[in-house]
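Encoded as structure tokens, the structure appears first; notes follow it.
Start at 1 and go down the list; that is how both ligands and their atoms are numbered.
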Amino acid sequence: MVSLSCVFPFCRANADMIPLPTMQWMEGNLRLLDQRKLPSEETYIDCRDIDSLAEAIRTLAVRGAPAIGIAAAFGAVIAALTTDPGEKFNEAFVAKIDILEGTRPTAVNLFHCLDIQRRIFRMNPGRDSAIEALLESARDMMRSDLEASRQMGRFGADLLEKGSVVLTHCNAGGLATAGLGTALAVIYEAWERGILEKVYADETRPLLQGARLTAWELSRAGIPVDVLPDSAAASLLQKGEVDAVIVGSDRIAANGDAANKIGTYPLALAAKEHGIPFYVVAPLSTFDLSTPCGSGIEIEQRGRNELNSPGERKLLPESAGVWNPAFDVTPATLITAIICEKGVLFSPDADSLRLLLGKDRQFKK
Ligand code: MRU
């Protein structure tokens with residue numbers, strides 16, 4: 001029996017489209033659209049144990065901060081399902097959660113969702129009741145993420161004028177969340193309202209999430225999109241061709257500094273220089289008040305292969321090293337506004353963030 005918990009990079013803009021599930025819970029199996037293969041192949045992988053799910057997260061078969069968190073939440077269900085009941089049940093479960101936590105360090109959603117699942121586990125002793133409660137909690141996260149993306153879409157689109165041209169970076173769309181995305185939720189909503197003219201998508205080196213995923217998602221939705229090399233973005237802004245830069249985030253520190261895909265910070269600098277609004281769109285699960293500012297955010301370093309062998313050919317001389325950070329931090333001072341499901345926070349800083357979130361939230365990392 002196939003369960004109906006699934007995430008669709010669906011699109012309201014084109015009613016003829018067949019939705020393609022990004023993530024589906026199928027009775028003990030988390031089926032993931034393999035984002036490493038897009039756009040040339042639409043294939044799925046099945047994760048029935050923690051090692052295969054951890055590998056899928058590490059290698060970006062599933063990626064994007066909210067999607068990683070939700071996949072890990074279903075991972076907690078898999079952890080309980082694949083652990084024998086008995087004396088060591090609790091210990092073995094926690095060891096599996098630790099494996100999931102070790103997959104990617106920057107997106108706080110991973111730690112946030114797993115923290116919730118640890119709490120649910122403690123509150124529901126016994127294997128069967130733990131499994132049931134963990135599954136309900138993962139499905140809840142999926143539902144709230146979808147609702148959050150709708151809200152953020154509406155708040156963000158309110159900031160755009162008719163005929164807007166938007167630049168985005170990486171993929172912050174349906175593929176990266178359980179809904180329409182964060183930055184792309186704004187873009188979908190603006191398109192529906194008829195106020196969006198076109199989108200520019202940075203290709204996003206080295207893994208090309210912009211070219212492979214954002215351009216794929218937007219094209220499926222019938223939204224005009226042009227892909228540009230990351231290094232061309234500043235020139236595009238200089239030419240006055242863009243009305244707003246809209247990006248997602250992997251972690252927002254207590255003072256409003258925002259980590260996102262490498263290449264976001266230079267975009268924010270160029271946007272400031274040319275007087276173009278720079279918006280960060282992120283759900284509350286991306287905020288981390290236990291990290292005071294951006295310098296405290298751990299930036300994932302990824303392997304040599306991503307730079308050396310993006311295709312068949314090796315590109316680097318053997319003796320050359322690599323510096324391959326997956327993310328950078330944009331200081332709050334360069335952010336025009338942060339858009340979340342609660343509203344729009346202009347000129348974000350520590351005081352306004354604390355007011356918005358109400359109370360401190362602590363995460364493990
Ligand atoms: O390395 P990735 O592809 O997981 O990085 C994703 C991003 O940087 C996204 O912009 C971010 O997670 C926001 S997604 C709604």
Test R104 against every option in E298, E55, E300 by the salt bridge (charged side-chain N to carboxylate O under 4.0 Å, His left out) rule and name the one that passes.
E300

Write down the atom of C340, the atom of M152, and the distance for their closest heavy-atom approach.
C-CG, 3.5 Å

What is the ring orientation for F93 with F121, classed by angle as parallel under 30°, tilted 30 to 60°, or perpendicular over 60°?
parallel

Within a radius of less than 6.0 Å around CZ of R205, do more than 12 heavy atoms belonging to other residues, nucleotides or ligands occur?
no

With sequence neighbours excluded, residues passing side chain to side chain donor-acceptor pair (under 3.5 Å) with E197:
none

Are there any protein N or O atoms under 3.5 Å from the N or O atoms of ligand 1? List them with distances, or say none.
unit_1: ligand 1; atom_1: 1 (O); unit_2: R104; atom_2: NH1; d: 3.4
unit_1: ligand 1; atom_1: 1 (O); unit_2: R104; atom_2: NH2; d: 2.8
unit_1: ligand 1; atom_1: 1 (O); unit_2: K261; atom_2: NZ; d: 2.8
unit_1: ligand 1; atom_1: 3 (O); unit_2: R63; atom_2: NE; d: 2.6
unit_1: ligand 1; atom_1: 3 (O); unit_2: R63; atom_2: NH2; d: 3.4
unit_1: ligand 1; atom_1: 3 (O); unit_2: Q209; atom_2: NE2; d: 2.9
unit_1: ligand 1; atom_1: 4 (O); unit_2: G64; atom_2: N; d: 3.0
unit_1: ligand 1; atom_1: 4 (O); unit_2: R104; atom_2: NH1; d: 2.8
unit_1: ligand 1; atom_1: 8 (O); unit_2: D250; atom_2: OD1; d: 2.9
unit_1: ligand 1; atom_1: 8 (O); unit_2: N260; atom_2: OD1; d: 3.2
unit_1: ligand 1; atom_1: 8 (O); unit_2: K261; atom_2: N; d: 3.3
unit_1: ligand 1; atom_1: 10 (O); unit_2: N260; atom_2: OD1; d: 2.6
unit_1: ligand 1; atom_1: 12 (O); unit_2: A65; atom_2: N; d: 2.9
unit_1: ligand 1; atom_1: 12 (O); unit_2: D250; atom_2: OD1; d: 3.3
unit_1: ligand 1; atom_1: 12 (O); unit_2: D250; atom_2: OD2; d: 2.9

Distance-only side-chain donor-acceptor flag, D202 / T204, under 3.5 Å:
no

